[in-house]
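A short worksheet on the structure shown next.
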Amino acid sequence: MNREEILRFARRLLSQGSFEGGALGYAFLTSSPAWREHGGQLVTFAGVRPGDRVLDLGCGPGVSAFGMLDRVPDIEVVGLDFSHMMLHIAEHLRRREPLGSKVSFVRADAARLPFPDRSFDAVVGHSFLYLLSEPHEVLAEVRRVLRPGRRCAFLEPSDEIFRTIVPLEIYAMAPQDPRFVLAMMLWRVYSRSYGRFDEDRFASLFKGAGLTLVDCRRTLAGLGFFGVGERPEERRAS
């Protein structure tokens with residue numbers, strides 16, 4: 001391994017360790033109504049329809065998966081994460097959800113998805129891509145497991161600059177949802193060292209993976225960024 005490969009490997013180990021050790025705190029912060037609502041929006045951006053099969057990458061404790069079922073109940077969601085503790089919490093929460101039977105969880109590396117080609121109608125991720133040292137490898141896998149003509153959607157931290165840690169509109173939510181405000185503050189601070197997103201970054205990553213950028217828009221008062229890609233339809237030989 002060369003120096004760059006060693007640094008990437010070390011960063012990955014540190015990231016995995018932090019999510020194992022911080023799983024309970026992360027689950028507490030993300031169990032807010034607003035987090036669930038924004039995670040649920042991913043199915044809208046991904047064009048999910050009743051009967052679809054959805055892969056949720058970096059699912060953590062499963063809050064986004066449950067939020068997606070709030071919007072489109074008649075779907076199957078497969079949540080994938082590398083953290084044992086996150087998945088343990090997700091499974092515990094799943095049993096308390098009215099539609100929990102429509103969700104299953106898998107522990108695996110997103111760069112080596114254990115699924116056949118064209119096995120999902122949509123692939124989504126909330127606060128996932130920005131943590132990866134090699135996001136292009138994961139997006140290549142996303143393209144592989146997506147059915148042609150279907151979409152992936154990711155909600156990532158935005159590169160927008162604010163005068164305060166988070167926008168004032170987010171601070172204003174504190175009386176109703178203090179956990180969400182705290183989560184957004186930590187998200188903003190944490191993303192500084194990992195890298196944030198704008199339209200150009202989404203476009204470059206999607207293009208490199210053979211995906212077409214179809215939509216990009218800011219959310220959370222500019223704090224977050226939705227990026228939507230599509231696997232092109234395949235041309236039939238004449």
Side-chain angles (χ1 to χ4, degrees), residues 12 15-16 18-20 23 26-27 30 35-36 38-48 52-69 71-72 75-91 93-94 102-147 150-157 187 190-191 194-195 197 201-202 205-206 208-211 213 215 224-231:
R12 182 178 177 187
S15 179
Q16 291 171 1
S18 66
F19 275 96
E20 289 289 359
Y26 184 82
T30 60
W35 188 286
R36 180 167 176 147
H38 281 89
Q41 288 181 22
L42 288 164
V43 289
T44 301
F45 282 97
V48 172
D52 280 353
R53 189 174 187 232
V54 181
L55 176 61
D56 183 16
L57 296 176
C59 66
V63 177
S64 293
F66 306 139
M68 288 187 280
L69 285 166
R71 287 178 171 252
V72 189
I75 58 175
E76 175 191 353
V77 181
V78 178
L80 182 142
D81 206 288
F82 201 77
S83 167
H84 289 282
M85 183 58 71
M86 289 288 191
L87 293 177
H88 177 76
I89 296 170
E91 185 60 33
L93 295 176
R94 184 191 69 79
K102 295 181 178 292
V103 185
S104 60
F105 295 106
V106 176
R107 181 179 180 272
D109 184 347
R112 297 171 181 80
L113 295 175
F115 308 110
D117 296 355
R118 309 178 185 185
S119 51
F120 288 93
D121 301 290
V123 181
V124 301
H126 188 311
S127 311
F128 173 68
L129 290 179
Y130 86 100
L131 295 169
L132 304 176
S133 58
E134 300 292 339
H136 60 280
E137 292 183 358
V138 172
L139 287 172
E141 280 290 271
V142 168
R143 184 190 185 282
R144 180 182 66 79
V145 301
L146 263 178
R147 296 190 173 103
R150 301 309 302 267
R151 295 182 174 184
C152 60
F154 297 92
L155 173 54
E156 302 296 334
W187 193 43
Y190 198 66
S191 65
Y194 279 88
F197 275 72
R201 188 177 183 194
F202 269 122
L205 285 173
F206 285 161
L211 297 163
L213 179 70
D215 195 6
F225 215 126
F226 279 110
V228 184
E230 182 176 282
R231 176 174 175 171

Partners of [X] by salt bridge (Lys or Arg N to Asp or Glu O under 4.0 Å), sequence neighbours excluded?
X: Arg143; value: none
X: Glu137; value: none
X: Asp121; value: Arg147, Arg150
X: Arg36; value: Asp70, Glu97

Of all residues at least two apart in sequence or in a different chain, which pass the side chain to side chain contact (heavy atoms under 4.5 Å, CB included) check with [X]?
X: Pro116; answer: Ser119
X: Ser191; answer: Tyr130, Pro157, Arg196
X: Ala108; answer: Leu80, Val106, Pro114

How long is the straight-line distance from [atom2] of [Y] back to [atom1] of [X], given to the nearest 0.5 Å?
X: Glu156; Y: Leu131; atom1: CD; atom2: CG; result: 7.5 Å
X: Glu76; Y: Leu55; atom1: CD; atom2: CG; result: 10.5 Å
X: Phe225; Y: Leu129; atom1: CZ; atom2: CG; result: 13.0 Å
X: Leu213; Y: Phe206; atom1: CG; atom2: CZ; result: 6.5 Å

Which heavy atom in [X] sits nearest to a heavy atom in [Y], and how many Å separate them?
X: His126; Y: Gly39; answer: CD2-CA, 3.6 Å
X: Ala153; Y: Leu42; answer: O-CD2, 3.6 Å
X: Pro61; Y: Ile89; answer: CB-CG2, 4.0 Å
X: Trp187; Y: Ser127; answer: NE1-OG, 3.2 Å
X: Ala65; Y: Asp56; answer: N-OD2, 3.7 Å
X: Leu87; Y: Cys59; answer: CD2-SG, 3.9 Å

Run the side chain to side chain donor-acceptor pair (under 3.5 Å) test against [X] and tell me which residues pass, sequence neighbours left out.
X: Trp35; value: none
X: Glu230; value: Arg151
X: His88; value: none
X: Ser104; value: none

task = Would you confirm whether Arg118, through its side chain, and Val145, through its main-chain N or O, come within 3.5 Å as a donor-acceptor pair?
result = no

message = Would the distance check show the side chain of Asp81 and the main-chain N or O of Gly60 forming a donor-acceptor pair, the cut-off being under 3.5 Å?
response = yes

request  = Report the C-alpha separation of Val142 and Leu57 in whole Å, then their side-chain angles, then the decisive distance to 0.1 Å, and conclude whether the side-chain contact (heavy atoms from CB on, under 4.5 Å) test is met.
outcome  = CA-CA 9 Å; Val142 168; Leu57 296 176; 3.7 Å; yes

Evaluate the side-chain proximity of [Y] to [X]: yes if any heavy-atom separation is below 4.5 Å, no if none is.
X: Ser64; Y: Val124; answer: no
X: Val138; Y: Glu134; answer: no
X: Ile75; Y: Lys102; answer: no

task = Apply the test side-chain contact (heavy atoms from CB on, under 4.5 Å) to residues Leu211 and Arg231: give CA-CA distance (whole Å), side-chain angles for both, the deciding distance (0.1 Å), then the verdict.
result = CA-CA 5 Å; Leu211 297 163; Arg231 176 174 175 171; 4.2 Å; yes

query = Is the ring centre of Phe45 less than 6.0 Å from the ring centre of Phe226?
reply = yes

ask   = Going through the checks in order, is the side-chain contact (heavy atoms from CB on, under 4.5 Å) test met by Leu155 and Gln41?
value = CA-CA 9 Å; Leu155 173 54; Gln41 288 181 22; over 6 Å; no

request  = Report the C-alpha distance between Val48 and Met68 in whole Å, list the side-chain angles of each, state the deciding distance to 0.1 Å, and finish with yes or no for side-chain contact (heavy atoms from CB on, under 4.5 Å).
outcome  = CA-CA 9 Å; Val48 172; Met68 288 187 280; over 6 Å; no

query = How are the rings of Phe115 and Phe120 set to each other: parallel, tilted or perpendicular (split at 30° and 60°)?
reply = perpendicular

ask   = Do the rings of Phe66 and Phe105 sit parallel, tilted or perpendicular, given the 30° and 60° boundaries?
value = perpendicular

inquiry  = Quick test of your reading: applying salt bridge (charged side-chain N to carboxylate O under 4.0 Å, His left out), list the pairs with at least one residue in residues 60-69, sequence neighbours left out, ordered by first then second residue.
reply    = none

